[in-house]
Amino acid sequence: MNKQTDSRYLQRIQRTYRQQSAAGGPTLLLGIETSCDETAAAVVQDGTTILSNVIASQADVHKRFGGVVPEVASRRHVEQITLTVEEALRQADKKLEDIAAIAVTQGPGLVGALLVGIAAAKAISFARGIPLIGVHHIAGHIYANRFVTEFQFPLVALVVSGGHTELILMRQHGTFEILGQTRDDAAGEAYDKVARALSLPYPGGPEIDRLAHAGTPSIPLPRAWLEAGSFDFSFSGLKSAVLNTLNQAKQRGETIAAADLAASFQASVVEVLVEKTVRAASEYKARQVLLAGGVAANRALRQQLADRCAQLNLPLVIPPLSLCTDNAAMIAAAGYISYQRRRFASLDLNGVPGLPLSDL
Ligand code: KG4
Ligand code: ZN
């Protein structure tokens, strides 16, 4: 994109923004998410109301490989993206002319996958002269909670997904301070690796969750509390302990009840996540605790966090299951904050696999 085209484009979208603001009425954002293995598009009104939320999952395609294959994911996104956007508009009963801006996941994620969503978003933005907004995937997961209730600040968010485990402090909309994060594996990654060791299908998180409910947490496994006062996490030691338990049993010719091992692993993960979250919430006098990310679908985590927050009188917000895993409505909700702040991207927006979390 040459400089002249880009500056003309930016002037044009600022003009569209002013016209839309002057006209008043609801503001519709089209969200697009293609960071991993879901091709997703959604139409969201004023950052808080979902008009449509379409997800074309590729999980079945990747299942036989035991994980996401990046090249396969990109190709699938290319096949699905146009249909998915059209379907999101159709279900919302809206046309592209009704859309005020486009919010798209900029990172983190698989670069080839991200680029498919970004290319589609840029094309629509350029053709319609409407603002383009790059959104951090984790900001999106946090903003999935805004469909449940309005945020009360300061708040502490526990983000647990396949690639992330973070405790985040928000003092106002769109600002994120990382209080702690994983030093090795993400919580979801640990679930997926343990599931693989137990020969469960991909994605392993829901499988372990299911199996754990049939077992008892009777096998002693470590909890990584780290230094006193630290809000960081570590799950690789726990994962190794599970693998060692399995190997030692095998060498001794014993069988281990997979359900008990799953329950014990889950108990260790959940205890550390819950305790660090409520500790952070107390220390920062949070008025709300938010749970976000794919692992937020975990039943034990939801239940135990709810119990602890109730004991401590801390209001807890958890998205419905359908908004815990990757979707585009959450991207549009986070993008709406950038929209209100006029933080628009230029046409050289690029997919960034390791994008750091910054303010909206
Ligand atoms: O947020 P997400 O859909 O994608 C990423 O951004 O990573 O999270 C996917 C992760 C996977 O690791 C999956 O195994 C895990 O979330 N997950 C679960 C459950 N449902 C999904 N982990 C534990 N229990 C679940 N019920
Ligand atoms: Zn995610």
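Note that ligands are numbered from 1 as they come in the structure, with each ligand's atoms numbered from 1 the same way. Predicted model only: the values in this text are computed from it and were never measured. The figures that follow rest on heavy atoms only: side chains count, while hydrogens, waters and symmetry mates do not.
With hydrogens left out, the protein atom closest to atom 22 (N) of ligand 1 is Gly205 CA, 3.3 Å, a heavy atom. The protein heavy-atom contact nearest to atom 24 (N) of ligand 1 is Asn298 ND2, 2.9 Å. Protein heavy atom in closest approach to atom 13 (C) of ligand 1: Asp192 OD1, 3.8 Å. Protein heavy atom closest to atom 26 (N) of ligand 1, with residue, atom name and distance, is Asp209 OD2, 2.9 Å. Atom 10 (C) of ligand 1 has as its closest protein heavy atom Gly162 N, 3.5 Å. What sits closest to atom 2 (P) of ligand 1 on the protein, heavy atoms only, is Asp326 OD1, 3.4 Å.
For Gly294, a nitrogen or oxygen atom sits less than 3.5 Å from a nitrogen or oxygen atom of ligand 1, counting backbone and side chain alike.
Defined by atom type and a distance below 3.5 Å, a donor-acceptor pair is present between the side-chain atoms of Gln303 and Asp307. Using modelled atom types and a 3.5 Å distance limit, the side chains of Asn298 and Tyr191 yield a donor-acceptor pair. Thr34 and His77 are not linked by any side-chain donor-acceptor pair at a separation below 3.5 angstrom, with hydrogens and angles left out of the test. Donor-acceptor pairing under 3.5 Å is recorded for the side chains of Glu33 and His137.
Short contacts between ligand 1 and Val295, defined as distances under 4.0 Å to a heavy atom of the residue, involve ligand atoms 15 (C), 16 (O), 18 (C), 22 (N), 23 (C). Ligand 1 places these atoms under 4.0 Å from at least one heavy atom of Ala297: 20 (N), 26 (N). Ligand-side atoms of ligand 1 in range of His141: 1 (O), 6 (O), range being under 4.0 angstrom from any heavy atom. Listed by number with element, the atoms of ligand 1 under 4.0 Å from a non-hydrogen atom of Gly188 are 12 (O). Atoms of ligand 1 found under 4.0 Å from any heavy atom of Thr325, numbered from 1 in the order shown, are 3 (O). Below 4.0 Å from some heavy atom of Gly163 lie the following atoms of ligand 1, by number and element: 7 (O).
The minimum heavy-atom distance linking Phe147 with Thr48 is given by the pair CD2-O, 3.3 Å.
Residue contacts to the Zn ion (ligand 2): Cys36 brings no N, O or S atom closer than 2.8 Å. When distances to the Zn ion (ligand 2) are checked against a cut-off of 2.8 Å, His164 contributes no N, O or S atom below that limit.
Proximity of a side-chain donor or acceptor of Arg302 to a complementary backbone N or O of Ala296 within less than 3.5 Å is detected.
The side-chain heavy atoms of Glu38 and Asn327, taken from C-beta on, include no pair separated by under 4.5 Å.
The pair Arg146-Glu150 meets the salt-bridge criterion, with a side-chain N (NZ, NE, NH1 or NH2) lying under 4.0 Å from an Asp/Glu carboxylate O. Using a cut-off of 4.0 Å between Lys/Arg side-chain N and Asp/Glu carboxylate O, Glu97 and Lys95 are scored as not salt-bridged. Using a cutoff of 4.0 Å between basic side-chain nitrogens and carboxylate oxygens, Lys239 and Glu189 are not scored as salt-bridged.
Within the structure, ligand 1 has His137 among the residues with a heavy atom less than 4.0 angstrom away. Taking 4.0 Å as the cut-off, Gln266 does not count as a neighbour of ligand 1 on heavy-atom distance. Residue-ligand proximity: Cys36 is placed with every non-hydrogen atom at 4.0 Å or more from ligand 1.
For Asp326, the N, O or S atom with the smallest separation from the Zn ion (ligand 2) is OD1.
Within 6.0 Å of the CZ atom in Arg196, the count of heavy atoms belonging to other residues, nucleotides or ligands does not exceed 12.
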Under the salt bridge (charged side-chain N to carboxylate O under 4.0 Å, His left out) rule, what do Arg183 and Glu227 come out as? Steps first, then yes or no, please. CA-CA 13 Å; Arg183 294 183 183 173; Glu227 320 80 71; 3.0 Å; yes

